[in-house]
Amino acid sequence: MSSATESFSVRHQAIYEVVKTIPAGVVATYGQVAAIVGCGPRLVGYALASLPAGMDVPWQRVINSQGKISIRSDGAADPRQRQALIREGIVFSLKGTVDLKRFGWDGPDWDWLYERGLEPPPRRDSAASGRFP
DNA sequence: CTTATGACGCGCA
DNA sequence: TTGCGCGCCATAA
């Protein structure tokens, strides 16, 4: 891998990796990412806040559970985030919210989780007693 | 070593 | 419906 992520702790890197898997055209919530990496939702925000510019992490695709762009310490959301999302096809309501029903991320592929050993398999089949195949 | 400071989410009154 | 409190981790100084 490489990039600038090597300087960050494992937890931060895990968060960044998850965010990287969010495809353009959809948005994920902090809680969603947190659930995958197994940490509090707050940490996701902290991790992204510490995210240096130039990193290949689509941080813009992470918004809060209200479907709104989180407000930073500046007191306002970075307009660039909204602009970037619109550019990716995200549609904002008149209230400035995103319909998570439509643009909400479904989460990473099962294979991705399996490979990373994250989150228990959603298990929708019947067989497979214990865990992984 | 300690302290302060962040992009959140949920439960309960 | 709104408001308040708590939990949690890493980094910088």
Counting Watson-Crick and G-U wobble pairs whose two distances are both under 3.5 Å, find the runs of 3 or more in a row that involve DNA chain C. B:2-6 with C:9-13, B:8-13 with C:2-7
Enumerate the residues from residues 66-77 of chain A whose closest heavy atom to DNA chain B is under 4.0 Å, giving them by residue number; use none for an empty result. A:S70, A:I71, A:R72, A:S73
Donor-acceptor contact below 3.5 Å, side chain A:Q81 vs main chain A:V62: yes
Which residues share a side-chain contact (heavy atoms from CB on, under 4.5 Å) with A:A84, sequence neighbours left out: A:Q60
Would A:L43 end up clustered with A:M55 when hydrophobic side chains under 4.5 Å apart are linked, directly or stepwise? no
My understanding is that only residues two or more places apart in sequence, or in another chain, count here; which of them pass salt bridge (Lys or Arg N to Asp or Glu O under 4.0 Å) with A:D78? A:R80
Quick one: pull up CZ in A:F103 and CG in A:L85 and give me the separation to the nearest 0.5 Å. 10.5 Å
Under 4.5 Å between side-chain heavy atoms, hopping through other hydrophobics if needed: is there a path connecting A:W105 to A:I90? no
With A:Q83 via side-chain contact (heavy atoms from CB on, under 4.5 Å) - residues at least two apart: none
Sequence neighbours excluded, the answer for side chain to side chain donor-acceptor pair (under 3.5 Å) partners of A:R82 is none
Distances under 3.5 Å between nitrogen or oxygen atoms of protein and nucleotides 11-13 of chain B:
none

Can you name the residues that form a side-chain contact (heavy atoms from CB on, under 4.5 Å) with A:L100, not counting sequence neighbours? A:V27, A:T29, A:I63
If hydrophobic clusters are built by linking Ile, Leu, Val, Met, Phe, Trp and Tyr wherever their side-chain heavy atoms come under 4.5 Å apart, do A:W112 and A:V19 end up in the same one? yes
Donor-acceptor pairs are to be reported for all side-chain atoms of residues 33-40 of chain A against protein atoms at under 3.5 Å, with residues two or more places apart or in another chain.
none

dist A:I15:CD1 -> A:Q13:CD (nearest 0.5 Å) comes out at 10.5 Å
Give, ordered by number, those residues of residues 79-98 of chain A having at least one heavy-atom distance below 4.0 Å to an atom of DNA chain B; if nothing qualifies, reply none. none
Holding to side-chain contact (heavy atoms from CB on, under 4.5 Å), I want the full list of residues that pass it with A:I71, two or more places apart in sequence or in another chain. none
Checking the side chain of A:D74 only, and the main-chain atoms of A:A77 only, is there a donor and an acceptor separated by less than 3.5 Å? no
Sugar-phosphate or base contact per nucleotide [nucleotides 7-13 of chain C; S, B, -; heavy atom under 4.0 Å]: B-BSS--
Fit a plane to each ring of A:H12 and A:Y16, take the angle between them on a 0 to 90° scale, and name the class: parallel (under 30°), tilted (30 to 60°) or perpendicular (over 60°). perpendicular
